[in-house]
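Here is how names work: the chains are called A, B, and so on, in the same order as the sequence lines, proteins then strands, and each is numbered from 1.
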Amino acid sequence: MTNSEKILQVKRISFSYMTYEKSSGFLGSLHDFVHRRKRLIHAIRDVSFSINPGEIVGLLGPNGAGKTTLIKIMTGILPVSEGKVEAFYGINPFEKSPDYLKRIGVMFGQKSQLIWDLPPIDTLTMLREIYQIPKPVFEKRLSFFTEQLAVSKQLHIPVRKLSLGQRIKFELICAIIHYPEILFLDEPTIGIDVSSQANIYRFLREINKERKMTIILTSHNTKDIVALVQRVIIVAAGEKIFDGTPNTLISEHASQQVIEVTTDTPIVPLPINLIELGDCHYQFRSHDATQLPIALAHVLSLKRRDGDLDEILVGLFSKLEGKK
Amino acid sequence: MKYLDSFRNAFYSTIAYRGNFLLRLVTIFLQIMVAVFMWQTVFRFSGKGDIAGISRVQMTYYLIIVNLLSLIFSTSLIFKFSQLVRSGNLTILILRPVKLLIQALFAYVGLSFPYLIIYGFVLVVSSESSSRSFTEILMTLGLFAIIYITFFLLITAMSLVSFWLIQVWPMRPVINALFMLLGGQAFPLQVLPSSFHWLEYTPFALAGNQLALLSLGKVSSVQMLLIFLSSISWSLVFLVLIKGLWHKGIHAYEGVGS
């Protein structure tokens, strides 16, 4: 695929912002009142990638890695300090042109576009007018979405009376009611139960398949990634450290098997590379085996298995923490 | 029209909490009572039939109208916008393909719509005591619309400081005091010495004092022209201010949290 066919191109972007450090105590507070200590944070450093139409891409990374900042840059909320972002073959998202905004959908798991005191139907009707969706088309879509996500009965109930899961589902409907070409999802399943999660995954897969909708999502929930994405981009400390399929990630980083061990007495003190799973039940990576203080005489059982995505990410992120 | 839904939703939100809505009306009723009784006492002890050209009955209507105007010319937009910036929910709004200023104006009208209806009712009742031509009534309504937009622009410009000020609530008593003093909520500005008459053309005075007098038919044609010109001038100043503040603010906006 040539560059001109990429729906979104992120070219060597960096983003920095200024923050303040606050001193503690009375004197510290007085000092801060007169003179604040500024600190420059490099949230994104020289990141490049491009997204193909119809792709589902997962942005992964530990807390504070820069995933949300990347989403904010791609949607146009934040400007880049260096580099360039181009969507739909030449549009700069930060200009927030109506042409760009009509073609994207955004859902932030911790932010709401639903009007708190009114039923979801009122927000959705407003969005129908904003995106100029013909009434019959809107009604057909709404009926399809609410049925698929099992929230038809909640359409006329004030938002404040809905459960978190129901609200998240309506947030998702708000984000896709105009069938955007790119859908940005930031933590779309935060705080919702497994059955609702499964419902959302199925729905998103279907929408992606039918409409060729490009989906870019961030999540701490590896289930979201496994269930949905075709490609994973991992960011840590503002840098891109991996870009490929989930299978490549697993095959590259799951070379180390995981060993679960049960002992008859607790291991005290607990070494850093040993994870406690339960009472006298531990887990470690096979290459750490020789460094661990586990006497064979105390071992009740041993089990070896391949690492899953969660473990790979835990290992990867702790390595990066160590490097810091 | 895509902005009409913003008006409609804001209106629905205002009346969604019936208790709060009624409580607000009761509060304003008590404020009116306090002001009316105070001025009745002033009239009684002064022994005069009018003060600064305003009769006792007109003063009562003035106080009712000016206090109702304080409901219509709400400053809540400042605090709502501040909340949007603090929570990062502004992110959702700026990513919609709409002109935010126009959408905010429609929402602002929607929020004050129930009070506009009450104001219209009082206006009809009070106009029976004054003899005004149809043209004068039309001019009054036209000026009302212009001043309404001026005040909205003032509040919008003030709200944009939220991009830099994390807490804007200390502004609330200042704004209330400004409306009380400059808006003529407690007394008509005309009772002040003539050296203070320039205050009558400040945005708060236009929204409170002048509109109340306009509603009572106590404003001459020359004053109407002055009100019109000052309102247009203020609007232009606020529009330039809004443009500059928005441009700088949106670069400073971090869209707090995820």
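- Looking at Tyr100(A), neither its backbone nor its side chain comes within 4.5 Å of chain B, counting heavy atoms on both sides.
- With a 4.5 Å cut-off on non-hydrogen atoms, Lys96(A) touches chain B through its side chain but not through its backbone.
- Contacts between Tyr3(B) and chain A at a heavy-atom distance below 4.5 Å are absent for every atom of the residue.
- Ranked by heavy-atom pairs shorter than 4.5 Å toward chain B, the options Gln132(A), Glu129(A), His178(A) are led by Glu129(A).
- Heavy atoms of Leu4(B) lying under 4.5 Å from chain A are absent altogether.
- In this structure, CG in Leu70(A) is found 8.0 Å from CD1 in Ile233(A), a value given to the nearest 0.5 Å.
- Proximity to chain B (any heavy atom under 4.5 Å) is shown, for Ile71(A), by neither the backbone nor the side chain.
- Considering Val151(A), Ile173(A), Leu172(A) as possible partners of Phe145(A), the one that fulfils the side-chain contact (heavy atoms from CB on, under 4.5 Å) test is Ile173(A).
- Residue Arg103(A): no heavy atom, backbone or side chain, is found under 4.5 Å from chain B.
- For the atom pair CZ of Phe7(B) and CG of Leu105(B), the computed distance is 11.0 Å after rounding to the nearest 0.5 Å.
- The line from CG of Leu211(B) to CD1 of Ile147(B) is 4.0 Å long, rounded to the nearest 0.5 Å.
- Between Phe151(B) and Trp234(B), a ring centre-to-centre spacing not shorter than 6.0 Å is recorded.
- Salt-bridge annotation for Asp186(A) and Lys111(A): absent, with no side-chain N of the basic residue lying under 4.0 Å from a carboxylate O of the acidic one.
- Using a 4.5 Å cut-off between heavy atoms, Leu118(A) touches chain B through its side chain atoms alone.
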